[in-house]
Amino acid sequence: MPELPEVESVRRQLAPGLSGRRIAAVWHHTQPRYLDLHLAAGRTVLSVGRRGKFLLCPLDTQLELVLHLGMTGTLRFAPLDAAAAPGPDPLDPHVHARLALDDARELVFRDVRQFGRLAVVRAGDYARIPTLAQLGPEPLSDAFDPGRFARQLAATRAPVKPWLLTQRPVAGVGNIYADEALWLARVHPASRRVGPRRARALHAAIRRVLADAIEREGTTFRDYRMVNGASGRNASHLVAYGQAGRPCPRCRTPLRKVWLGGRGTTFCPACQRR
DNA sequence: CACGCCTCCTGTGCGC
DNA sequence: TGCGCACAGGAGGCGT
């Protein structure tokens, strides 16, 4: 589900309701995907930030709540039944964690496929969250430098799309926006050699595609919802992802779907050359 | 070290 | 209608 634009849209709705709140109690399913989450109990949320696809909430006492929504994770606020002990939702087996707040509400984490992760760590200590520890620069910040990106791209021999998905060259690009950005920059997703001109085009395309998707509050196919339950509006603007067989908007050649690095990949065989 | 493959889950849609 | 299979927006772990 959520790539950077979706997580950013969640963050913007989450922050007003969560910043400044004390977490009164914590319940979660006992799985290794929920790391030291109980340490959040009694702590106050100082702010709600984001790096790539991770939500980062500094807590008082130098702790930090880290949330990753995986493929199907959603967050929502619900009225808190003060009489009920925190526990599984008898009506919804997909609720995996609940954070009771000090304002008679709770934050509910629902995750059908259970690829999401929640953790409480020492602030800034991401040693147990490898992707976060090695996360590349924020794509919409000055830290995402076109020259450096081009040099890193020149140095790797990995196919460009799987390389983007590692989160190391740049934070927050997933399967949808990788296909979209590669199409926009006319870069073949399996290319292992991307020259400086195309690298800069790809850098610009990543920014463009992500900024436009944030503007539309993300892409909803099925599971992705914002905190208020609303869908994003970007799905109807997709040019490559999910459009196999349809004519390329640039050259009318039918878009082709291939399997690359274990992910479905759609591209234009005519205008995305190796 | 870098890369590539498999795995973790559940739900849905499609072909037979 | 029912069954089995492929696939889905992510990333961690392991083998080579």
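Lettering of chains follows the sequences in order, A, B, ..., and the numbering in each one begins at 1.
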> Provide, to the nearest angstrom, the distance between the CZ atom belonging to A:Arg192 and the C1' atom belonging to B:dC3.
9 Å

> Considering only C:dA8, C:dG10, B:dG11, which nucleotide approaches the side chain of A:Trp259 most closely?
C:dA8

> Whole-Å distance between B:dT7 C1' and A:Phe115 CZ?
8 Å

> 5'-most contact on DNA chain B: A:Ala155 or A:Arg33, nearest heavy atom basis?
A:Ala155

> Answer with base, sugar-phosphate or nothing: what part of the nucleic acid does A:Gly262 contact at a heavy-atom distance below 4.0 Å?
nothing

> In whole Å, what separates the P atom of C:dG9 from that of B:dC3?
22 Å

> Within the structure, does a side-chain N or O atom of A:Lys257 lie under 4.0 Å from either OP1 or OP2 of C:dA8?
yes

> With A:Arg110, which of A:Thr72, A:Asp223, A:Asp92 fulfils side chain to side chain donor-acceptor pair (under 3.5 Å)?
A:Asp92

> Base, sugar-phosphate, or nothing for A:Arg222, non-hydrogen atoms under 4.0 angstrom?
base

> Identify the nucleotide, in any strand shown, that forms a Watson-Crick or G-U wobble pair with C:dG9, with both distances under 3.5 Å; if there is none, say none.
none

> Are A:Arg128 and C:dG13 close enough that a side-chain N or O sits under 4.0 Å from OP1 or OP2?
no

> Examine distances only and state if a side-chain atom of A:Arg246 and a backbone atom of A:Leu255 form a donor-acceptor pair shorter than 3.5 Å.
no

> If I take atom NE2 in residue A:His96 and atom P in nucleotide B:dC8, what distance separates them, rounded to the nearest angstrom?
16 Å

> Which whole-number value in Å describes the distance from A:Leu260 CG to C:dA8 P?
13 Å

> Using a 4.0 Å heavy-atom cut-off, does A:Pro32 contact any base of the nucleic acid, only the sugar-phosphate backbone, or nothing at all?
nothing

> For A:Arg50, is there an ion pair with A:Glu138 - N to carboxylate O distance below 4.0 angstrom?
yes

> Quick check for you: among B:dT10, C:dC7, B:dC8, whose closest atom lies nearest to any side-chain atom of A:Gln114?
B:dT10

> Below 4.0 angstrom from OP1 or OP2 of C:dG9, is there any side-chain N or O of A:Tyr241?
yes

> Do A:Asp36 and A:Arg128 meet the salt-bridge criterion of a basic N to acidic O distance under 4.0 Å?
yes

> What is the distance from CD of A:Gln134 to C1' of B:dC3, rounded to the nearest Å?
14 Å

> What's the closest nucleotide to the side chain of A:Ala158 if the choices are B:dT12, B:dC3, B:dC8?
B:dC3

> Closest nucleotide of DNA chain B for A:Arg113 versus for A:Thr156: which of these residues is on the 5' side?
A:Thr156

> Where the side chain of A:Arg263 is concerned, which of C:dG10, B:dT12, C:dA11 is the nearest nucleotide?
C:dG10

> Can you identify which nucleotide, out of C:dG9, B:dG4, B:dG11, has its nearest atom closest to the A:Glu3 side chain?
C:dG9

> Are A:Arg233 and A:Glu217 within salt-bridge range, i.e. N to O under 4.0 Å?
yes

> With the side chain counted from C-beta on, respond yes when A:Pro2 and A:His68 share a heavy-atom pair under 4.5 Å apart, and no when they do not.
no

> Of the candidate nucleotides C:dG9, C:dG10, B:dG11, which contains the atom at the shortest distance from the side chain of A:Val112?
B:dG11

> OP1 or OP2 of B:dG11 versus the side-chain N and O atoms of A:His94: is any pair under 4.0 Å?
yes

> Distance check, P atoms only: C:dC14 and B:dC9, in whole angstrom units.
15 Å

